[in-house]
Each structure stands twice: as C-alpha cells, then as structure tokens.
Amino acid sequence: MPAASTAALFDPAASAGPHPTLTIYNTLSKKKEPFETVTQGKVGIYLCGPTVYGKAHIGHMVGPVLFDTIKRYLTYCGYDVHWVVNITDVDDKLIKAAAEQGITMAEVADLNIKDYDDNLAALGVTEIDDFPKATECMGEIIDFIAGLVDEGFAYESQGDVYFDVAKDSGYGKLSNRTVEAMQGDGGGAADRKRSAADFALWKNAKAGEPSWDSPWGKGRPGWHIECSAMSKKLLGETFDIHGGGLDLVFPHHENEIAQSECRHGKPMVKYWAHNGLLRKDAAAGKIGGRAERDAKEAPADDAGGKMSRSKGAGGLADLIAKQGGERIRFFLLRTHYRSTVLFSEEAIEEAAVGLETFYRLFKRFARITKADFYGLTPPTSRGASSIALGDDPTLNAAEAHREKFLTAMDDDFNTGGAIAELFELARLTNKYCEDRKLEESADPADVATLELLMTTIKELGGILGIFRQPPMSAAGSDDLLDKLMPVVIALRADARAAKNFAIADAIRDGLKPAGVTIEDRPSGAEWTGGGEGAVEAVMQMLIGLRATSRAAKDFATADALRDQLAAIGVTIEDRAGGAEWSVSS
RNA sequence: GGCGUCGUAGCCAAGUGGCUAAGGCAUCGGAUUGCAAAUCCGACAUCGUGGGUUCGACUCCCACCGACGCCUCCA
C-alpha cells in the first residue's frame, strides 16, 4: 500500500490541497469527494442538535456519536477542528410544553438540555466546542433576516417574515426537488405567503408567547434561520461540514442553504453529511417519528396489541443506566453512519458480547504486566505509530491492521470496517500471549511487544471514542458483592485443592443464576458479572451449599463457609425453616 | 404520485469488475482445562428476482419485487 506512507506524512497544517486519502460522502453532490478544507489545517463542523421540548431519545445520539468520532479522527489526522452543536430552545413545541407543565419555556429548555448533556457524557461525546442556543443569538438572527429582507430575498407579511423561494434559483438542490414539485399547501400561514413553498424566517408573536423585539414587531425566529445565523457567527460564511439526520435534508437544510447562500452569495458548506435513522424494527418507522408519536398520543387501547409501545422501553437515561454508554456507542459505530439501524436492547447486548472480548484482553494484559490498560498513553497523531516495522511478524501484522483501520476511516468514516481491524488486533494479541505463554513467564522484550500491541488497540479505540476509561459496570458496583466473591472463590479454591470437584462445580454452577461467572486462571480465579439481585442469589447459593455439606456431615466445609463469611461481617443463622443471613455494620 | 436510500451466511454487518467476499453474534469440530469459562486453530455465504453490458459482475445498466426515508414537526 504505497498510499499509506504518504498519508501518514500528510500534514494538514503544513500542506495545502486535498487530503491524499480521506474521502467524505456529500449529500449535495451525492458522491464521495476528496476531503479539502476551506481554510488550510482547520475544519469547521456544524451539527443540528435537538429541539429541547422533551427528553432525548436514542435517535438523538446518532449524530453526536458519529461527529464526535469524526472530530476525533480529523484531529488525529492533524486538523484543528471546531465543532458546533446548536440547541433549539424556542419553538412551538417548547411553548406548548411550558404551558402544559406550568413553567417557562426557558425552564423547559434547561431541564431537557440537562438531560441531553448527561446522555452525551455517558456516550463519551466530549468533543463539542460550542453549544449555542437560539435564544442567545437573537441579535445575529434578526440581523440575518434583516439582510435578507433588504436584499429582496425575504418579505414581511402581517408581522411575519417569509423567505421568497422564487428568488432563489438554486432552491431544491440539496434535496433534489424543484419548487414546482413542492406539494405543500403552505400550512396555516398560506394566506400570508406569496408561494406555498415560502417558509417563515420570523413569526409574529401571539398573545402570551415568548417574544423578542424586531424591525417587524415582537416575535420569534422560524426554525431554520437560527442555524444559518449561528453557523455564520461561529464558523463563518462558508464552513466545512454540516451534519444532521437524514430527515433534516428537507426542509431544514434546504432552507438553511437557501438563506445562507442568498445572503452571502457563496457556498454555505463544503460537505453535507447526513446520518441514517434508527428504527425499532423492520416494519416500523424511525424512532421518535410521527408514527410513534401518534401512537403515543392515541387513546390507550391495549387490547389489540397494536404497536410496540407497551414494552417498558423507558427513556434514554434508563437505557444508558442499564446498558452503559460504551455499549451503545459501540453498537452505533458498528454500522455505517448513513445506514438505517434497527435498534433494540437485544441488538445492543449482542454487540456487547463482542466488547467483552476486549475487556477480557485488558484484564489479561494486567495479569501479565501488572499494568493498567487504561493507563497506556498511545500516540495522538496519525503519523506517529508506536510500531516500527521490523522483524517481528506479530508487530508487522499489527501495523498492517492499523493501516487497514485507517484506510477504512479514510473511506467516509467507515467505522464498521475499522472495528473489524480492532477485533483482528485483539485476536493477534491473544495469540501472542498464547504462543509465548506470557502468563507463565514474560521477559521484558515480550512485555514490551505486548505493550505495543495494547497501545495500538488503545490508540485506535480512542479514535472511535471507546476504551478511553473503564466502562461503568452494567448495574453499578455492589460493595457487598465485592467482599463476598473473594470468600466464594477461596472456598472454591479449597475444594479444588482437595479435589472435591463436586463442591467446586456446585459453587460455579450455583453462581450462574446470580449472573456471576468464574474463570479459573493459573494465577487464581477471576469473577465477572453481578448486578441486581446478585448478592441475594449468591447468598442463597452459599446457604444451599452449607445445607448440603451439613447433610453430608461435611462439617469442615460448612463451618469454613460460616467462619469466612463472618470475617467479612456476614452472619448466617440456622433456623428451623432454613438459614437466614444478615450483615453486621 | 415525486425525490431518495437500501436488499450480502441463522442473525448483525464491511467490501470488491477478475486474486481466500472483512469482522461480530450464534452453531459445529479440534487444542487447552479436573470439568468448565476464557483463549487459540478450523468449519459455516456465490451477494433480493429476471434480463443486459463485458473475455469476466455480487460489484455497471434496465426492469421487477420488497423494506425504509423525505415531500408536514422530526437526530
């Protein structure tokens, strides 16, 4: 691959022209294009964020996770990236929600912004530079509209201001439609518009609505204008990448282009990048879509089992609390961003099985080297691989996988293809540990090689925004379980040493209902799992084991069990109807 | 109706005009293990249907079938 070396050498800060290997799909041209920035070395990204009238759903996270990954990758490639995500905090639905809840629109917004931020943090979305709110950019918005009116691209009508679509010869180019083909009836404001396709830049305030002073009287901005005004303010009149869900192509982004390009007389955006939408199942529409909302608002007639609104889906925050953000992020990144993804908890859990392979490898690394995977510090730029090609076939293979990972990312951010290389790297590393029997003895050279392999995994995982820190355990940690398990393991080790495999196996099997798995290692057993109800299940297993031992007159085991539990403050009392356990504080 | 996207093994999912069609999950063998688990090795697809272009297509074109999105708020 001759391209790899030149790609590694390309320095966006120092070199002009397109990136030699990186391509990005552009919705406007409908093809992949070489990536070339507006300003040498710098990238401006604008992502349409949420309208914060309600709690976020999983669909709202696709764009942020994707663009967080894109920013990480571009930064890794040497670009100086500035990423903006806007918050729409003035809108009909917010006004409605405020009225229903008896609080102000700003309070509705604050509540939901908090929820949104928490969700982003949990998914490892940490790279957003600016979070502008529409209400905080009112001056820029009004100026923008005034400019359009002055130049004849917009007109006032009864306190509203509309964009005059007929004045924009390019209108429809993003969503590939003609003004004639627009079938809308113009909505409720049709009588105030020159054409049904015209859209509101400014809406006259109705009584009791939040409003701002403007040259056209009190009112508030239309939906699309804030993005034109805020992107101009923060990224300039022409910037590099504009993102959002595919459902925003029309009318939102079409209207943004119309406003900005008529106002500035130059292209607004170089690359329009749209992510695919999430669906619940093959026959359902997108998550959070109209069909879903209609179902939610429909009267509750559970009788027929219409659609799947019952199954305790819970909110996004609940999902994150249950699954953990890294699983969700990994799940989203497995699929190409422009694809539709069928979303379900089962699908997340299946993806999580693969993720566990990495977590086990991290533990294996710690076992061998006594070092913490999360403490490794990989190179942060593309040109600086930690691996130098040489005679070691394992390292050479690892570097080849690294190159393939980067090639996949270069190809329109193909995270799915990139993840495959991560698995290859894990396999290679496990095999290295296996072949060299590193768990038995590892000389410094072996450890050094192993560290290079693990560092590469950390480096590439970091680009995807994963493996940056230990994942939160699925259901929170449980102190008592942490104390209990060493006792269980010691008990089992004794049994194994005494070749009492019946007891050893009974312990391991008895742990399954608790969701706890034991893995025997030369260096001792390790356990994973747990979760809600695990402590009770483990205790019941121990109580059962003790009863069995006593019945078999194996008082040594029974007593050892009770004594060791007592040592950690857990007492077992034998009662007529069975044993009870309690914790002394 | 208009404009788009998509259809790859049991499931999820990359990718390519000709070289072994990635990877994950599941399954089945083998190594390893007291037995397991984990790990490693191996097995497992001719790419929706029908045509066309081509020396050659899963990859390009056409038609059809099916799914989904947008055309109204929407990540």
Side-chain angles (χ1 to χ4, degrees), chain A residues 27 30 47-51 53 56-67 85 88 91-93 172 175-178 180-188 197 223 243-252 254 274-279 282-290 292-293 330-331 334-336 338-342 344 346-347 349-357 360-361 363-364 404 408 411 414-424 426-435 439 496 499-502 504-505 508-509 512 517-522 525-528:
Chain A
T27 305
K30 294 178 180 54
L47 174 69
C48 284
T51 302
Y53 63 91
H57 61 251
I58 182 71
H60 291 226
M61 295 294 117
V62 180
V65 165
L66 166 67
F67 282 92
V85 177
T88 302
D91 155 273
D92 287 343
K93 287 201 283 291
S175 57
N176 192 28
R177 60 190 82 200
T178 58
E180 300 78 63
M182 285 335 150
Q183 294 186 349
D185 57 8
W223 176 33
L246 267 167
D247 51 353
L248 296 185
V249 173
F250 187 91
H252 186 53
E254 192 70 71
H274 291 100
N275 59 268
L277 306 174
L278 259 35
R279 281 193 284 148
K286 65 188 174 184
I287 284 174
R290 184 175 44 190
E292 204 174 82
R293 289 197 306 273
F330 185 72
F331 167 76
R334 281 199 318 168
T335 308
H336 188 92
R338 269 185 285 118
S339 306
T340 300
V341 173
L342 295 184
S344 68
E346 294 73 49
E349 278 161 8
E350 192 207 293
V353 176
L355 213 39
E356 295 294 333
T357 300
R360 280 190 297 265
L361 175 58
K363 282 188 187 169
R364 186 175 205 176
K404 284 179 79 175
D411 183 9
N414 182 357
T415 53
I419 283 173
E421 301 306 319
L422 230 34
F423 276 102
E424 293 284 10
R427 186 177 55 75
L428 194 68
T429 308
N430 270 317
K431 190 167 164 48
Y432 185 76
C433 295
E434 205 87 342
D435 290 348
E439 266 130 336
R496 291 181 74 212
K499 299 256 190 270
N500 191 344
F501 295 121
D505 291 352
R508 190 175 57 204
D509 294 344
K512 275 183 195 149
T517 310
I518 282 195
E519 299 180 15
D520 292 324
R521 309 277 178 199
E526 286 185 359
W527 67 278
T528 52

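If you're wondering where the values come from, they're calculated on a predicted model, not measured in any experiment. First the proteins, then the strands, lettered A, B, ... as listed; each starts at 1.
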Open item on the list: Considering every strand and a 4.0 Å limit on heavy-atom distances, what is the contact class for A:G243: base, sugar-phosphate, or nothing?
Closed with: nothing
TODO: Tell me, please, which residues at least two apart from A:R279 pass salt bridge (charged side-chain N to carboxylate O under 4.0 Å, His left out).
DONE: none
Open item on the list: Nearest heavy atom decides the nucleotide; on that basis, is A:I287 or A:K30 closer to the 5' end of RNA chain B?
Closed with: A:K30
Open item on the list: For A:D91, give me all partners under salt bridge (charged side-chain N to carboxylate O under 4.0 Å, His left out), at least two apart in sequence or on another chain.
Closed with: none
TODO: Using the P atom as the reference point in each nucleotide, state the distance between B:C25 and B:A63 in Å, no decimals.
DONE: 41 Å
Open item on the list: Just to be sure I understand the rule, does A:L342 reach a base, reach only the sugar-phosphate, or reach nothing, if contact means heavy atoms closer than 4.0 Å?
Closed with: nothing
- [ ] Check every strand shown and say whether A:K286 touches a base, only sugar-phosphate, or nothing at a heavy-atom separation below 4.0 Å.
- [x] base
Task: Distance in angstrom units between A:R177 CZ and B:G1 C1', rounded - done: 13 Å
Task: Residues in side chain to side chain donor-acceptor pair (under 3.5 Å) contact with A:D505, at least two apart in sequence or another chain - done: none
- [ ] Not counting sequence neighbours, which residues clear salt bridge (charged side-chain N to carboxylate O under 4.0 Å, His left out) with A:D509? List them please.
- [x] A:K512
TODO: Would you indicate, yes or no, if B:A75 has its OP1 or OP2 atom less than 4.0 angstrom from a side-chain nitrogen or oxygen of A:N275?
DONE: no
- [ ] Give a yes or no on whether the backbone of A:G172 and the side-chain of A:E254 come within a donor-acceptor separation of less than 3.5 Å.
- [x] yes
TODO: Indicate, with a heavy-atom threshold strictly under 4.0 Å, whether A:L361 touches base, sugar-phosphate, or nothing.
DONE: nothing
- [ ] Quickly work out the A:R279 CZ to B:G69 P distance and round it to whole Å.
- [x] 6 Å
Task: All side chain to side chain contact (heavy atoms under 4.5 Å, CB included) counterparts of A:K30, not counting sequence neighbours - done: A:Y25, A:N176
TODO: Could you check which of B:A75, B:C68, B:C71 has an atom nearest any side-chain atom of A:P251?
DONE: B:C71
TODO: Tell me the partner of B:A38, counting only Watson-Crick (N1-N3 plus N6-O4 or O6-N4) or G-U wobble (N1-O2 and O6-N3) with both under 3.5 Å; none if nothing fits.
DONE: none
TODO: Determine the contact category for A:D247: base if any of its heavy atoms lies under 4.0 Å from a base atom, sugar-phosphate if only primed atoms, P, OP1 or OP2 are that close, otherwise nothing.
DONE: base
Task: Spacing of A:E254 atom CD relative to B:C3 atom P, expressed in whole Å - done: 15 Å
TODO: Just jot down the side chain to side chain donor-acceptor pair (under 3.5 Å) partners of A:E434, sequence neighbours excluded, or say none.
DONE: A:R364
- [ ] For A:H252 and B:G69, give me the distance from atom NE2 to atom P, rounded to whole Å.
- [x] 20 Å
Open item on the list: Whole angstroms only, please: what is the CZ-P distance between A:R338 and B:A75?
Closed with: 21 Å
TODO: Return the nucleotide paired to B:U20: Watson-Crick means purine N1 to pyrimidine N3 with N6-O4 or O6-N4, wobble means G-U with N1-O2 and O6-N3, both under 3.5 Å.
DONE: none
- [ ] Search all heavy atoms of A:W527 against all heavy atoms of A:I518 and return the closest pair with its distance.
- [x] CB-CG1, 4.3 Å
- [ ] Return the nucleotide paired to B:U27: Watson-Crick means purine N1 to pyrimidine N3 with N6-O4 or O6-N4, wobble means G-U with N1-O2 and O6-N3, both under 3.5 Å.
- [x] B:A43
- [ ] With sequence neighbours left out, write down each residue that passes side chain to side chain donor-acceptor pair (under 3.5 Å) with A:H57, or none if nothing qualifies.
- [x] A:H60
N/O to N/O distances under 3.5 Å, protein versus nucleotides 60-62 of chain B:
none

Task: P spacing across the pair B:A21 / B:A45, given as an integer number of angstrom - done: 10 Å
- [ ] Take atom P in B:C6 and the same atom in B:C62, then report the distance between them in whole Å.
- [x] 14 Å
Scan nucleotides 34-37 of chain B against the protein and return all N/O pairs shorter than 3.5 Å with their distances rounded to 0.1 Å.
{"from": "B:G34", "atom 1": "N7", "to": "A:R496", "atom 2": "NH2", "distance (Å)": "3.3"}
{"from": "B:G34", "atom 1": "O6", "to": "A:R492", "atom 2": "NH2", "distance (Å)": "3.4"}
{"from": "B:G34", "atom 1": "O6", "to": "A:R496", "atom 2": "NE", "distance (Å)": "3.1"}
{"from": "B:G34", "atom 1": "N1", "to": "A:D505", "atom 2": "OD1", "distance (Å)": "2.9"}
{"from": "B:G34", "atom 1": "N2", "to": "A:D505", "atom 2": "OD1", "distance (Å)": "3.3"}
{"from": "B:G34", "atom 1": "N2", "to": "A:D505", "atom 2": "OD2", "distance (Å)": "2.5"}
{"from": "B:C35", "atom 1": "O2", "to": "A:R508", "atom 2": "NH2", "distance (Å)": "2.3"}
{"from": "B:C35", "atom 1": "N3", "to": "A:R508", "atom 2": "NH1", "distance (Å)": "2.9"}
{"from": "B:C35", "atom 1": "N3", "to": "A:R508", "atom 2": "NH2", "distance (Å)": "3.2"}
{"from": "B:C35", "atom 1": "N4", "to": "A:D520", "atom 2": "OD2", "distance (Å)": "3.2"}
{"from": "B:A36", "atom 1": "N6", "to": "A:D520", "atom 2": "O", "distance (Å)": "3.4"}
{"from": "B:A36", "atom 1": "N1", "to": "A:D520", "atom 2": "N", "distance (Å)": "3.0"}
{"from": "B:A36", "atom 1": "N1", "to": "A:D520", "atom 2": "OD2", "distance (Å)": "3.4"}
{"from": "B:A36", "atom 1": "N3", "to": "A:R508", "atom 2": "NH1", "distance (Å)": "2.8"}

Open item on the list: Can you build the contact string for nucleotides 14-26 of chain B? Use B for base contact, S for sugar-phosphate-only contact, and - for no protein heavy atom under 4.0 Å.
Closed with: SS------BSBS-
Task: Whole-angstrom distance between B:C70 and B:A26, as gauged at atom P - done: 34 Å
Open item on the list: Just the rounded figure in Å: distance from P of B:U32 to CD of A:E434.
Closed with: 12 Å
Open item on the list: At less than 4.0 Å, is any side-chain N or O atom of A:T51 found next to OP1 or OP2 of B:A75? Yes or no.
Closed with: yes
Task: Non-neighbouring partners of A:E526 that pass side chain to side chain contact (heavy atoms under 4.5 Å, CB included), sequence neighbours left out - done: A:K363, A:R367, A:R521
Task: Euclidean distance for C1', B:U46 against B:G15 (whole angstrom) - done: 15 Å
Open item on the list: Looking at B:U5, which nucleotide sits across from it as a Watson-Crick or G-U wobble partner, both distances under 3.5 angstrom, or is there none?
Closed with: B:A67
Open item on the list: Taking B:U8 as the reference, what is the distance to B:G24 when you measure between their C1' atoms (whole Å, please)?
Closed with: 15 Å
TODO: In whole angstrom, give the distance that lies between atom CG of A:L246 and atom P of B:C6.
DONE: 10 Å
Open item on the list: I'd like the C1' distance from B:C68 over to B:U59, given in whole Å.
Closed with: 23 Å
Task: Cationic tip of A:R496 above A:F501 ring, under 6.0 Å, 45° of axis - done: no
Open item on the list: I'd like the P distance from B:G52 over to B:G56, given in whole Å.
Closed with: 12 Å
Task: Counter-base of B:U59, judged by Watson-Crick or G-U geometry with both distances under 3.5 Å - done: none
Open item on the list: Without decimals, in angstroms, what is the distance between A:N176 CG and B:G2 P?
Closed with: 14 Å
TODO: May I ask you to decide if A:N414's main-chain N or O and A:D411's side chain share a donor-acceptor pair within less than 3.5 Å?
DONE: no
Task: Those residues that, when tested against A:T340, pass side chain to side chain donor-acceptor pair (under 3.5 Å) (two or more places apart) - done: none
- [ ] Run through A:N275, A:T335, A:I58, A:I287 and flag the one making a side-chain contact (heavy atoms from CB on, under 4.5 Å) with A:V341.
- [x] A:T335
